[in-house]
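Reviewing the structure listed below.
Reminder, nothing fancy here: chain letters follow the sequence lines and each chain counts from 1. All values below come from the heavy atoms of this structure, side chains included, with hydrogens, waters and symmetry mates left out.
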Amino acid sequence: MKQQVRPKVAIIFAGGAALSDGRRTTEVRSPRDVPRWVGRFPELQVMADLDPVFVTARHGSDIGPDDWTLIARAIQPRLSRVDGVVVLHGSESIHVTANALSLMLQRVPIPIVLTGTVPSRTARSRSGDPGSRVNILNAVQVATADLAEVCVVFGNRILRGSRVVLTSGPNGLHFTTPDALLIGRLDFGTKLFADRLTRGRRRTSVHIQADANVVVTTVAPGLATPWKMSEPRPSAVLFRIHEPVILPRSFGLSLDALVRSGLPVAVYANRRIVGLPASVAQLVGCTPSMAVVKTMWAAARGGTPASIRRLLEQDVAGEFSPSGGGV
Amino acid sequence: MIRLYFYGPRTTNAGLRRTYQTVKTICERSLIELSSNTETREANLPSETISAYNQSGAPLLDAMQAVIVEATTSDPQIGYLLAYALAEKRPLLLLYTRGESAPDVLRYVSQRDVPKHVTIASYTERNLEAIVGEFLRTLGDVPVREVPRIKFTLRLTRTIDDFLEFKTRHSKLSKADFLRDQLERMIEQDQAFQAFLKKRP
């Protein structure tokens, strides 16, 4: 037979790997389950040489900063050894982990593709599987494509990891971006759009950290403000503001006082708020989950409130820019 | 109507391009709704169907009931389509030219892992039509029609020509297609000829 150089793809098990054929379900709850899972999905070996790695079996809704760190640490040494990485993840929080990985591993030279196994279609396929196998097959295919960024593959969509949001669609979970733009589509194969980041030699910037000790609080009409310092003292505070036009006048002053006490403060709203002190970071234009994740990530970097503010407002991984081109 | 996807890697090889054309002609004559990467418009589907799939987030490949792949030349898409067909239990015909090495992807599929719905066939120009026709018949009620290959010159009277012009003016059929359709109908209904065909070796 003609010999062909096969791509090598790392498969990171981080929950979300359940395979069903209608009669039985195969899950990966520990490293011991990995060979059996791979054996029950021989189709993947047709496409690529696999490097399977178990990281966690945590349910998607329980995944947090410690898990993001574990996943990023499993990916980092493989960046120069494989052609792509697929992360199998509980669908409920794929977008959050994608946000985190976009910040932790910047300017990656290969695709880091997250996908999950919650059905994207109402009907089961002939194999009895609710759509998980096709998602994973598609993710492996995208992991061998000319792409070099963190992305989410779900159904027929390829979405930039720093911009992806979770919504609900006619068939259940649905992923999109705030501007409804994609970096690619899967219809009969992978179609990538021009705005994606492509493979090439680059030095990856690695910042694998996130601080869970961040308070996220909402400012909305009728809620008591300002927020009172709690114990233990958080590493940073993020205010999510729903109605910027009706902020109490004292609000800005109280935020400034918090910053002067050494606490980094960020505000997330759907537009820039006029009149807030310059000491407060304004996160405008990113997704809600990215605002939270970035605050955790920036807080973990340490430094003064001013340096953390600058980091928060900097477009690190395309989180503030419209993503992709096609729809 | 059966929906089928045909994939042929980009090539400048004249023989392969003839193969692609033959496969597409057989499918079209068998009233298959054919989508193919070898066409300018890959998805041959009603716009409402495409829109529905886009909205639901499902790939258009899910709308196909079967897949044919010309796998003589190496192409990563071939591995993907084979993996998809295996995973989704979708009928697949994998073709490669006789005399060439078997497709590299087959190294990773053991004999016992090749299920009944996947057909792997080496073909020649001579038997290609039979192989594809046989595969289409396994998909169900597909009226597989032969591809016309024998040139036949026929002089017509003006009246016959006017008649053919009249019958085909507002249809997509050419005069030659119209005549072939009429003859094929006669063949189907001719019991003596059908009996003759059955006895023929």
Side-chain angles (χ1 to χ4, degrees), chain A residues 1-7 19 21-22 40-50 83 119-129 131-138 140-142 144-145 153-157 159 167 169-176 182 185-191 327, chain B residues 5-7 9 35-39 42-45 50 52-65 67 69 71-91 94 96 100-110 112-115 117-118:
Chain A
M1 288 182 185
K2 291 187 285 286
Q3 293 275 351
Q4 193 183 343
V5 175
R6 272 160 61 78
L19 295 178
D21 62 6
R40 295 238 167 103
F41 204 163
E43 298 87 357
L44 285 182
Q45 318 247 24
V46 174
M47 295 170 63
D49 280 332
L50 304 179
D83 296 290
S120 61
R121 296 172 286 170
T122 48
R124 285 184 176 255
S125 69
R126 282 181 213 202
S127 62
D129 180 82
S132 7
R133 282 175 193 257
V134 174
N135 264 353
I136 298 171
L137 281 177
N138 286 340
V140 169
Q141 203 199 24
V142 172
T144 64
V153 163
F154 212 85
N156 68 350
R157 296 169 166 217
L159 307 113
T167 144
N171 296 332
L173 291 185
H174 189 70
F175 291 95
T176 184
L182 310 176
R185 262 195 120 70
L186 293 139
D187 279 316
F188 298 105
T190 306
K191 201 158 282 178
V327 290
Chain B
Y5 179 69
F6 169 61
Y7 182 79
S35 298
S36 175
N37 71 302
T38 62
E39 296 293 324
E42 188 173 20
N44 179 22
L45 292 166
I50 295 176
Y53 271 81
N54 283 344
Q55 279 218 316
S56 71
L60 290 178
L61 194 52
D62 283 4
M64 302 293 124
Q65 286 147 283
V67 179
V69 175
T72 304
T73 47
S74 268
D75 187 305
Q77 179 72 352
I78 293 170
Y80 170 70
L81 291 170
L82 174 58
Y84 177 88
L86 290 169
E88 290 289 283
K89 295 185 172 27
R90 208 64 58 111
L94 197 83
Y96 65 98
E100 296 286 342
S101 321
D104 192 53
V105 289
L106 296 179
R107 279 155 50 96
Y108 308 101
V109 182
S110 70
R112 66 183 172 87
D113 286 338
V114 179
H117 63 271
V118 172

Could you pull out the closest heavy-atom pair between B/Gly79 and A/Val46, with the gap in Å? O-CG1, 3.6 Å
Nearest 0.5 Å please: distance from the CG atom of A/Leu186 over to the OH atom of B/Tyr80. 6.0 Å
Output for pair (A/Arg133 CZ, B/Lys89 NZ), nearest 0.5 Å, gives 7.5 Å
Minimum side-chain heavy-atom gap B/Asn54-A/Asn156 below 4.5 Å: yes
Does any heavy atom of chain A fall under 4.5 Å from the side chain of B/Leu81, the backbone, both, or neither of them? side chain
What part of B/Tyr5 is in contact with chain A, defined as an atom under 4.5 angstrom from a non-hydrogen atom: side chain, backbone, both or neither? side chain
Is B/Tyr53 close to chain A through its backbone or its side chain, or both, or neither, when contacts mean heavy atoms under 4.5 Å? backbone
Okay, B/Ala85 and chain A: the region with an atom under 4.5 Å from a heavy atom over there is neither
When rounded to the nearest 0.5 angstrom, what is the spacing between OH in B/Tyr108 and CG in A/Leu44? 14.5 Å
Taking the side chain as everything from C-beta on, heavy atoms only, tell me whether B/Arg107 gets closer than 4.5 Å to A/Arg6. no
Criterion side-chain contact (heavy atoms from CB on, under 4.5 Å) against A/Asp187, the qualifying member of B/Leu61, B/Leu60, B/Ile50: B/Leu60
Given A/Asn138, A/Val140, A/Thr190, A/Thr144, the one with more heavy-atom pairs under 4.5 angstrom with chain B than any other is A/Asn138
Is a donor on one side and an acceptor on the other found under 3.5 Å between the side chain of B/Gln77 and the backbone of A/Phe188? yes
